[in-house]
Amino acid sequence: MVVVEDTQRLIVKRVVKLKDYTSIKIGGRVSRFFIVNTEQDLSKLVKETGGLFYLLGKGSNILASDERLSKPVIKLGEEFDYIKRDFSLVEVGAATSFLKLVKYAVENELEGVENLVGIPASVGGMVCMNASSFGREISSVVERVRCMDKEGSISIVEKDEMKFAYRKSSFANRIILSVWFKFENGFNLKEKAKNFLKERRIRGDYDYPSCGCVFKNLPGGVFSGALIEGCGLKGVRKNNAAVSERHANFIVNLGGAGFKDVECLIKMIKEKVHEKYNVVLEEEIHRWT
Ligand SMILES: Cc1cc2nc3c(=O)[nH]c(=O)nc-3n(C[C@H](O)[C@H](O)[C@H](O)COP(=O)(O)OP(=O)(O)OC[C@H]3O[C@@H](n4cnc5c(N)ncnc54)[C@H](O)[C@@H]3O)c2cc1C
């Protein structure tokens, strides 16, 4: 990796391997990888790219090609990593790790994110995806968002102007810069978070790198994982990618798996589930090619 410019503010890296930045440890070379630390630099960069770039959070929902990507990658740097009290709200920078926010909330007996503990994410990625777990969506505690559009202009979006749905938000084409959360006062949150984390570890597969659930669940509370398991696909492999033995909606990287291996498993799963249940599975993960 060669750092060609590092002013503390804007870091431009040439030849980054994206697999070093994704939770499934897959992804090829990127020749333009920007770590941005100020809104001014971000705005300038967004304009320069004509709005054509990939925005990376913690990379836990990204399946990136092994080939060189067609667009540059932008990542928010450490200046976007902060938590501060703002009267009754808590403002959090988009690059802050979600784990850090949960720890802060739990320590301060602020209720609302403890169900989501253990989701590997940045706060920006979490809100963009409207991540959820154990019956709670992150959107339930989002009050205000500061974001940039693809022309580089900044705006503040209030709760009543936002749209959220299952794994979707109105921020998909914007860059979230910071999020204000409104929490209720809670009690015994450390214990509650501990139990949710324990349950998460039992249900999911944390032994191998993955993107978490590959497919969205279906309306009516039907779990895609149950359909995949019903097709007998647990443990099926394509080279070093495999349908997890522990959670059929996870595809895991057993070591050195590539984009095409995962793509092949996804295709096979879709076909088998369609054949058996007449259901079309929709991908939750984001493919970058
Ligand atoms: C082991 C494991 C378990 C998981 N469990 C869950 C779960 O229980 N529930 C759940 O909902 N998800 C789960 N996930 C999926 C994933 O953690 C979430 O989708 C998370 O919200 C992704 O956040 P990220 O920062 O990693 O975003 P990335 O994966 O980097 O990006 C995801 C999307 O968000 C966009 N994005 C990132 N940052 C910003 C920003 N600042 N502004 C606007 N858009 C942005 C990206 O461009 C991309 O489109 C799991 C993943 C793993 C690996």
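This is a predicted model, so every value here is computed, not measured. Each ligand, and each atom within it, is numbered from 1 in the order the structure gives. For the numbers below, each heavy atom of this structure counts, side chains included, while hydrogens, waters and symmetry mates do not. We count residues from 1, following the sequence as given.
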Minimum-distance protein heavy atom relative to [atom]:
atom	value
atom 5 (N) of ligand 1	R200 NH1, 3.2 Å
atom 13 (C) of ligand 1	I119 CG2, 3.8 Å
atom 37 (C) of ligand 1	G125 CA, 3.6 Å
atom 31 (O) of ligand 1	I62 CD1, 3.6 Å
atom 41 (N) of ligand 1	I176 O, 3.1 Å
atom 16 (C) of ligand 1	S60 OG, 3.5 Å
atom 39 (C) of ligand 1	L55 CD2, 3.5 Å
atom 35 (C) of ligand 1	C128 SG, 3.7 Å

With a distance cut-off below 6.0 Å to the six-membered ring centre and an angular limit of 45° from the axis, does K100 pair with Y104 as a cation-pi contact?
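So K100 doesn't make the cation-pi contact.
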Centre of F187's six-membered ring, under 6.0 Å away, within 45 degrees of the axis: is that where NZ or CZ of K192 sits?
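Yes, K192 sits over the ring of F187.
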Quick one: look at [X] and ligand 1, take heavy-atom pairs under 4.0 Å, and tell me if it's side chain, backbone, both or neither.
X	value
Y54	neither
C147	neither
N61	both

Hey, does [X] come in under 3.5 Å of ligand 1, counting only N/O atoms on both sides?
X	result
G57	yes
A94	no
D205	no

Between [options], which one has a non-hydrogen atom sitting closest to [atom]?
atom	options	answer
atom 9 (N) of ligand 1	S132, A131, S133	S132
atom 24 (P) of ligand 1	K58, H247, M129	K58
atom 17 (O) of ligand 1	A121, G204, P120	P120

SB check K216 E284 (cutoff 4.0 Å):
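No, K216 and E284 are not salt-bridged.
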Between K238 and E263, does any side-chain N to carboxylate O distance fall below 4.0 Å?
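Salt bridge flag = no for E263 with K238.
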Can you sort out which atoms of ligand 1 are near [X], meaning under 4.0 Å from one of its heavy atoms?
X	answer
M126	21 (O), 23 (O)
S122	24 (P), 25 (O)
S23	53 (C)
I175	42 (N)
R174	42 (N), 43 (C), 44 (N)

Does a donor on one side chain sit under 3.5 Å from an acceptor on the other, for Y206 and R200?
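On atom types as modelled, these side chains qualify, holding a pair under 3.5 Å.
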Main chain of [Y], side chain of [X]: is a donor-acceptor contact present, judged purely on distance under 3.5 Å?
X	Y	answer
N37	L76	no
T22	G59	no
N239	A257	no
K58	G125	no

Y54: which of W288, F33, F34 passes ring-ring contact (aromatic ring centres under 6.0 Å, His included):
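Result: among W288, F33, F34, W288 is the only option passing the ring-ring contact (aromatic ring centres under 6.0 Å, His included) with Y54.
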Within the 4.5 Å heavy-atom criterion, are E111 and V141 side-chain neighbours or not?
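E111 does not reach V141 side chain to side chain.
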Not counting sequence neighbours, which residues clear salt bridge (charged side-chain N to carboxylate O under 4.0 Å, His left out) with K267? List them please.
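With neighbours one apart ignored, the set is E271.
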Quick one: list whatever passes salt bridge (charged side-chain N to carboxylate O under 4.0 Å, His left out) with E158, sequence neighbours left out.
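Expected list: R144.
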